[in-house]
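A quick write-up on the structure given underneath.
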Amino acid sequence: MPQGTIKTYDESSRSGIIMDDQKRELSFDADSFRHSGVRLFRIGQRVKYQLVGHDERAQVRELTLVTL
């Protein structure tokens with residue numbers, strides 16, 4: 001499962017951007033957030049995610065926190 005870091009997060013819309021380990025920016029929406037089981041994200045937080053689709057149409061799904 002790929003990992004990235006929360007770059008931006010808007011608490012009101014529950015959407016944001018993940019910077020993946022290849023420095024690509026991937027946006028996530030409220031549906032991705034809702035299924036994460038997390039109450040909120042913080043900038044800089046590490047997450048795991050699934051990508052559904054290809055190229056520019058890929059959508060982030062199944063966001064989970066990376067824990068030690």
Side-chain angles (χ1 to χ4, degrees):
M1 188 175 273
Q3 295 186 15
T5 304
I6 300 292
K7 181 176 179 181
T8 66
Y9 175 66
D10 181 346
E11 196 170 336
S12 63
S13 69
R14 298 183 181 243
S15 62
I17 296 174
I18 297 169
M19 176 77 74
D20 74 4
D21 292 338
Q22 287 74 43
K23 307 293 186 226
R24 293 181 302 169
E25 293 186 356
L26 306 165
S27 55
F28 63 91
D29 58 15
D31 285 338
S32 301
F33 178 84
R34 184 177 15 261
H35 299 300
S36 71
V38 178
R39 291 194 292 160
L40 63 94
F41 288 117
R42 293 185 315 260
I43 294 173
Q45 203 165 28
R46 292 287 293 175
V47 292
K48 295 180 191 176
Y49 59 90
Q50 286 286 13
L51 279 180
V52 177
H54 300 286
D55 302 323
E56 293 83 36
R57 303 187 82 141
Q59 294 180 333
V60 172
R61 294 289 180 249
E62 298 184 34
L63 278 170
T64 58
L65 295 177
V66 173
T67 58
L68 302 175

| remark: In terms of heavy-atom contacts, S13 and A30 come closest through O-CB, 3.7 Å

| Side chains of Y9 and R14: does their closest heavy-atom pair fall under 4.5 Å? | yes

| remark: In this structure, CD1 of I17 is separated from CG of D10 (nearest 0.5 Å) by 10.5 Å

| query | Between atom CD1 of I6 and atom CG of L63, what is the distance when rounded to the nearest 0.5 Å? | reply | 6.0 Å

| said: Let me confirm one number: the CZ-OG1 distance from F41 to T5, rounded to the nearest 0.5 Å. | reply: 12.0 Å

| Are V60 and V38 connected in the hydrophobic side-chain network, where two residues link if heavy atoms are under 4.5 Å apart? | yes

| task | Can you measure from CG (D29) to CZ (R61) and round to the nearest 0.5 angstrom? | result | 4.5 Å

| Qualifying salt bridge (charged side-chain N to carboxylate O under 4.0 Å, His left out) pairs with a residue from residues 42-54, counting only residues at least two apart or across chains | D21-R46

| query | When hydrophobic residues are tied together by side-chain contacts of less than 4.5 Å, even through go-betweens, does M1 share a cluster with Y49? | reply | no

| remark: NZ of K7 to CD1 of I18, rounded to nearest 0.5 Å, is 12.5 Å

| Student check: side-chain heavy atoms of V47 and L65 closer than 4.5 Å | yes

| said: Side chains of L26 and L51, heavy atoms from C-beta outward: is any pair under 4.5 Å? | reply: yes

